[in-house]
Amino acid sequence: MPSEFFLANIWLIPLFPLAGAAILLIFGRRLPRSGVNLVGVGSVGLAMVFAFGAIAQLIARDPAQRVVEIVLFDWVPAGMMHTLSGHLVNFNAQWGMLLDPLSAVMIGVVTGVGFLIHVYSSGYMAHEGGYYRFFGYLNLFMFSMLVLVLANNLLLLFVGWEGVGLCSYLLIGFYFLRRSASDAGKKAFIVNRIGDAGFVLGLFLLLNTIGTLRFTEVGPAIQAGAFAVGSGVMTAIALLLFVGATGKSAQIPLYVWLPDAMEGPTPVSALIHAATMVTAGIYMITRMNAVFQLAPVALGAVATVGAVTAIYAASMGLVQNDIKRVLAYSTVSQLGYMFLALGVGAFTAGIFHLMTHAFFKALLFLGSGSVIHALSGEQDMRKMGALRKKIPTTTWTFLVATIAISGIPPLAGFVSKDAILAASFDARPVLWGVGIVTAGMTAFYMFRLVFLTFFGESRVPHDVEHHIHESPSSMTVPLMILAVLSVVGGWIGWPEALGGGDRFAHFLDPVIARHAEVVAATPEATQLSTEIALMIVSVLVGLIGIGLAWYLYLRKPSIPAALEEKWGGLHRLLYNKYYVDQIYDAMFVNRAKDLGTTLGAFDRGVIDGLGVNGAGWVTRAGSSVSMVWDKWIIDGLVNLAARIVWIFSYPVRMIQSGRVSNYALLIVLGVLVFLGYYLRVTGVTLHNMLH
């Protein structure tokens, strides 16, 4: 095997799950479950082997040589175009794969965590209908996400971007016979289309500005354009791209689809929340950091939206009773943390938290699925309690993930979260304040979940309690692996303040652009003593949150009910998610329905209906108007388009008759015409040419 076999074949990484999806969706109905497992899980396993092989070979290279680009074919050779700066460029979007430190981290997370979720799914979905279809969709999801993170240009990234949007619709609405599930799938699809509109506009504006969408050329093209920090066009591009990221990564105001995504099977929730779709916005902004660093206004918007989303989503997580819904709001909040990091320029800290969050959030969702599996589908934490003795593996692995997300050292969440908090303190202390409060809220509502589910007195209905059992090994083994990663996964970025080398940040450094003006304006890093003090504060806040949850839900369980009664209005506000869904329905959804109803009624002749209860002339007038509208406006426009095409196709239709004899005659006539033209131009006679 060549020394860089895996690097030379990175294009196979997304191809394996695509092949698995094709086999399952075309032939899966005829395969036994063991065959579905072999194809569905095996294809992702192969992708993981190639991904980690490529990562290992990339790391073995010199840091300056850690870029591998494989171009498969020219995809959109658009030709020459003028940029806004007046340069003439040849635009050609290729179908190519790019592996560098950033995409290496992403394919490691996507394939590693994705493979564990696939293994878990083989046990969790064992008795569900549509088994082959479920794994076909999962494989297609993996393919789309791998195309997204391996794409060598922004246009190909958009293909994967739309692919994960489609797959989220298919998987969230997997139980399509259930109205709530089908509605949730449509909601995710439509909300993301709103964000994607901004993404497309940003993509086209970037292309029109610098003339390229290839990632390895974006930085040099921006430098060649001599764009200053604060450039209006760079700010516009960054803000438009950020709109796309708010949809895909569930930030205010486009976060509303993610909590409803819980309607899908639990492994889907784990895949969306931990390894795939919601991380796409974080990855895209980091990949386009050369643009964002020249747009401080856009970065400020990213940081502000991230901070507000973090504390806003955490407040809703405080009072939810559905175990998966608590985790959903936790995801929205943690994504806010990542955007906060990006907004203050700490791109490596944002990606670092993305990686560690993938470990413990996947574990939390899969652990919640194990609880639901043990309780025959129950998701209400008020009907749980004292499960630690009956499902011990689930309990202790879930507890590890909860400690990690609460930011308690030395687990992974502590390292990545404190990197964000330190960067926030350097940039704007008020953002650090929001982050630290959010950290305390996170520790509180996560341990509230743990205490209500696994400790205290049992509230499980009697007819369910005697059926409680631990999940099979296909589900518990992935939990144990993820628990180990939730502990040690952050050690690769152990901070220098605590004696580490922060190797993760150094690994990603070559991907982050360094503009001279930006570096000059960057605030100085905090002193060692201050950084350690900030860590101590964050840990103490986390411990206070844990202690408060223990006191309220184990020591004095009567207090929460009394507080809920006393502060009923606030509780209802938080429990009903600030009524944002109802506001969106009233402002947008219902108004769109009203518009459709009105146009439909008019098209059916609503004016006729008005005439029924009035004079006959109103009815006749209504009929006439309706007839004119249908015949001359609707049909007329369609027929006009058809007539125009018919007229302009006339010469071609005369030639393309389908008769070989006509074609032979046209060839002969063409040769004679060409020969006559040649003789006339050159002055040569036919006699001279023949002799």
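Here, residue 1 is the first one in the sequence, and each next residue gets the next number.
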Checklist entry - Listed by chain and number, what are the side-chain contact (heavy atoms from CB on, under 4.5 Å) partners of R591, not counting sequence neighbours? => result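 With neighbours one apart ignored, the set is D594.
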
Next on the checklist: Using the side-chain contact (heavy atoms from CB on, under 4.5 Å) criterion, which residues pair with Y132? Sequence neighbours excluded.
Outcome noted: R29, V36

Checklist entry - What orientation do W95 and W75 show, parallel under 30°, tilted 30 to 60°, or perpendicular over 60°? => result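 Aromatic pair W95/W75 classed perpendicular.
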
Next on the checklist: List the residues meeting salt bridge (Lys or Arg N to Asp or Glu O under 4.0 Å) with D183, not counting sequence neighbours, and say none if there are none.
Outcome noted: R179, K186

Item to check | Counterpart residues, salt bridge (Lys or Arg N to Asp or Glu O under 4.0 Å), relative to D100 (two or more places apart) | outcome: R287

Going by ring pair (Phe, Tyr, Trp, His ring centres under 6.0 Å), name the residues that satisfy it together with [X], two or more places apart in sequence or in a different chain.
X: F16; value: F50
X: F504; value: F352
X: W11; value: none
X: F174; value: F134

Using residues 273-281 as the side-chain source, report each donor-acceptor pair under 3.5 Å to any protein atom, sequence neighbours left out, with the distance given to one decimal.
{"unit_1": "H273", "atom_1": "ND1", "unit_2": "T331", "atom_2": "OG1", "d": "2.8"}
{"unit_1": "T276", "atom_1": "OG1", "unit_2": "L271", "atom_2": "O", "d": "2.6"}
{"unit_1": "T279", "atom_1": "OG1", "unit_2": "T276", "atom_2": "O", "d": "2.6"}

Pairing residues for [X] by the side-chain hydrogen bond (donor to acceptor under 3.5 Å, both in side chains) criterion, not counting sequence neighbours:
X: H118; result: N139
X: Q334; result: H353
X: E217; result: T212

Checklist entry - Checking T309 side chain against I252 main chain: does a donor-acceptor pair fall under 3.5 Å? => result yes

Checklist entry - Taking S103 for the side chain and L98 for the main chain, is one N or O donor matched with an acceptor at less than 3.5 Å? => result yes

To the nearest 0.5 Å, what is the distance between [atom1] on [X] and [atom2] on [Y]?
X: K248; Y: L335; atom1: NZ; atom2: CG; result: 13.0 Å
X: I237; Y: L240; atom1: CD1; atom2: CG; result: 8.0 Å
X: F215; Y: L156; atom1: CZ; atom2: CG; result: 8.5 Å

